[in-house]
2 protein chains.
Amino acid sequence: MISKTTLQVFREGLTKFVTFSDAEWVELTPYLRASSIKKKDHFVVHGKVCKHIGFVIKGSLRFYHVKDGTEITGYFCFENEFVSSYKSYLKQELSLTGIQAMEDTELILIAYEDMQQLLAHPKLAFKMEQFGRLIAEYYICCYEDRMAAFIVQSPEERYLSMIENQAGILLRIPQHYVANFLGITPVSLSRIRKRTLRGVVNN
Amino acid sequence: MISKTTLQVFREGLTKFVTFSDAEWVELTPYLRASSIKKKDHFVVHGKVCKHIGFVIKGSLRFYHVKDGTEITGYFCFENEFVSSYKSYLKQELSLTGIQAMEDTELILIAYEDMQQLLAHPKLAFKMEQFGRLIAEYYICCYEDRMAAFIVQSPEERYLSMIENQAGILLRIPQHYVANFLGITPVSLSRIRKRTLRGVVNN
DNA sequence: ACATACCTTTGATATAGATCAAAACCAAAA
DNA sequence: TTTTGGTTTTGATCTATATCAAAGGTATGT
């Protein structure tokens, strides 16, 4: 059973995309599952198919790739965001991305099969299509910005604009993950921080 | 008026995402416009709002950003692909990306306002939502791969896998655009080509 | 409180890619 | 055919980041 407040948080988080009427909500909730994963446990195991899309109620996760046996963290997600290895989820193929909890994390899940049912549901299909479209469009915008940062900016510039725009992440996440996220090694990030005086902010 | 074969190419190209019945097609076509743009003309002007989503019937375009007065090409698109400065189009805000034809190009256009009408159209709304979702999901998968390449691979590795997977692009567009696309300068790409023996392929 | 594992910093050095400038090349236009 | 503008290559040099290794921190669990 999913706690009432958890459901409420989820419903609230969805309003950024679509709003469900009470009647629709009653239809939807049977397809939802709650899940909690402990720090360091995996939401998606690298090399397996991603079966769920999740919504983060509490906690945080990192997305990583494996290259020559070492993990490279490419992305993060936090409360009120959706999490999935999208390509793997959408195509139900093996995931090149692993997704691991960085803290104890609570999620609402929708299984792939359930989503297919919802997309064919007599009362919910339209809204679910819309929901899917809006989420996907939202992430396209994120990706557009992130790709542009890699094409146009240097690692140092990316770090500095991260201080400007996503300072919260820096406070919450181990620096070596941030380094990967910026496309550099942890050692280099340490040096960038030194020469930019930690971004002027806190010495 | 849009030529019959052009419309046919468009309809065919859509089947990758959704299929329109004849009845639906009749409803849809009034919202479509044909457009041709000459080589070097712009589909989207950097700093203006992107008003259309396009489908490339013939030709090719490049996406670029401007940094300190110079253009950096971040992406391309070709026949049978959709083209738009998506973030600008979706949010109807100023575009940081310019989109310019690399060859004489023919497009089918859907204007933003028309798309809003289609998404509210009594007979087409559902299919258009689905269409929008599937396209957006498609591009998310593309972005996922492209971001991973930047996080995990070196420029040289990106070039080599481009030879493997997108050799067509290399034959069709100027090398200095490809260099930007790979995240490096044209000079560096020239040297990478030299040291990798042009990718072993054609000396 | 201690031990262990992990993270971050620092130093020394290597290297891929950047920059600047010139030459060679190519293709379209006159 | 020559000119012109743009592209690619090459050479010389610079620099940011990578790499390797060690030392110093910090947190976590026992």
Side-chain angles (χ1 to χ4, degrees), chain A residues 38-41 60 62 64-65 67-73 76 100-104 149-163 169-199 201-203, chain B residues 38-41 60 62 64-65 67-73 76 100-104 149-163 169-199 201-203:
Chain A
K38 289 240 170 300
K39 183 173 177 171
K40 304 228 167 163
D41 279 355
S60 58
R62 72 188 182 96
Y64 67 91
H65 287 251
K67 173 160 204 191
D68 328 309
T70 59
E71 297 178 359
I72 306 181
T73 298
F76 310 107
Q100 184 191 42
M102 294 188 293
E103 310 168 281
D104 289 356
F150 273 79
I151 289 290
V152 170
Q153 298 180 301
S154 68
E156 178 171 333
E157 289 170 323
R158 286 198 290 280
Y159 173 65
L160 293 174
S161 56
M162 200 170 167
I163 290 178
I169 297 188
L170 294 171
L171 299 173
R172 194 163 166 186
I173 284 187
Q175 196 171 303
H176 65 291
Y177 291 154
V178 174
N180 289 172
F181 176 78
L182 293 170
I184 58 179
T185 63
V187 176
S188 291
L189 178 55
S190 173
R191 290 191 222 278
I192 287 175
R193 279 165 52 79
K194 187 178 188 181
R195 72 171 180 254
T196 59
L197 305 174
R198 269 72 189 167
V201 148
N202 56 332
N203 179 35
Chain B
K38 290 238 169 302
K39 182 172 177 171
K40 305 230 166 161
D41 279 355
S60 58
R62 71 188 181 96
Y64 67 90
H65 287 251
K67 172 159 202 190
D68 329 308
T70 59
E71 296 177 359
I72 306 182
T73 298
F76 311 107
Q100 184 192 43
M102 294 188 292
E103 311 169 279
D104 290 356
F150 273 79
I151 289 291
V152 170
Q153 298 180 300
S154 68
E156 177 171 335
E157 289 170 322
R158 287 198 290 279
Y159 173 65
L160 292 174
S161 55
M162 200 171 169
I163 290 178
I169 297 188
L170 294 172
L171 299 172
R172 192 161 168 187
I173 67 183
Q175 194 171 306
H176 66 290
Y177 291 154
V178 174
N180 290 170
F181 176 76
L182 293 170
I184 57 179
T185 62
V187 176
S188 291
L189 178 54
S190 173
R191 290 191 221 278
I192 286 174
R193 278 165 53 80
K194 188 178 188 183
R195 73 172 180 251
T196 59
L197 305 173
R198 269 71 190 171
V201 148
N202 56 334
N203 179 30

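Just so it is clear: chains get the letters A, B, ... in the order the sequence lines come, proteins before strands, and each one is counted from 1.
- Put simply, H176(B) has no side-chain N or O that comes within less than 4.0 Å of OP1 or OP2 on dG6(D).
- Residues forming a ring pair (Phe, Tyr, Trp, His ring centres under 6.0 Å) with Y177(A) (at least two apart in sequence, or on another chain): none.
- V178(A) approaches F76(A) most closely through the heavy-atom pair N-CZ, 4.1 Å.
- Among residues two or more places apart in sequence or in another chain, the salt bridge (charged side-chain N to carboxylate O under 4.0 Å, His left out) test is passed with R172(B) by E79(B), E103(B).
- Taken from CG in D104(B) to CG in D41(B), the straight-line distance is 8.5 Å, to the nearest 0.5 Å.
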Spell out protein contact along nucleotides 17-30 of chain C as letters: B when the base is contacted, S when just the sugar-phosphate is, - when no protein heavy atom is under 4.0 Å; keep the 5' to 3' order.
SBB-----------
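- Counting to the nearest Å, the P atom of dC7(C) and the CZ atom of R172(A) are 17 Å from each other.
- Distances were taken from every side-chain heavy atom of K194(B) (C-beta onward) to each of dC7(C), dT10(D), dT8(D); the shortest belongs to dT10(D).
- For the helix from dT8(C)-dA23(D) to dA30(C)-dT1(D), the angle separating the two terminal helix axes comes to 40°, with each axis derived from five pairs and the value rounded to 10°.
- Partners of K67(A) by salt bridge (charged side-chain N to carboxylate O under 4.0 Å, His left out), not counting sequence neighbours, listed by chain and number: E157(B).
- Applying the side-chain contact (heavy atoms from CB on, under 4.5 Å) criterion to H176(A), with sequence neighbours excluded, gives P174(A), P186(A).
- The separation between I173(B) atom CD1 and dG6(D) atom C1' is 16 Å, rounded to whole Å.
- Without hydrogens or angle criteria, T196(A) side chain to I192(A) main chain gives a donor-acceptor distance under 3.5 Å.
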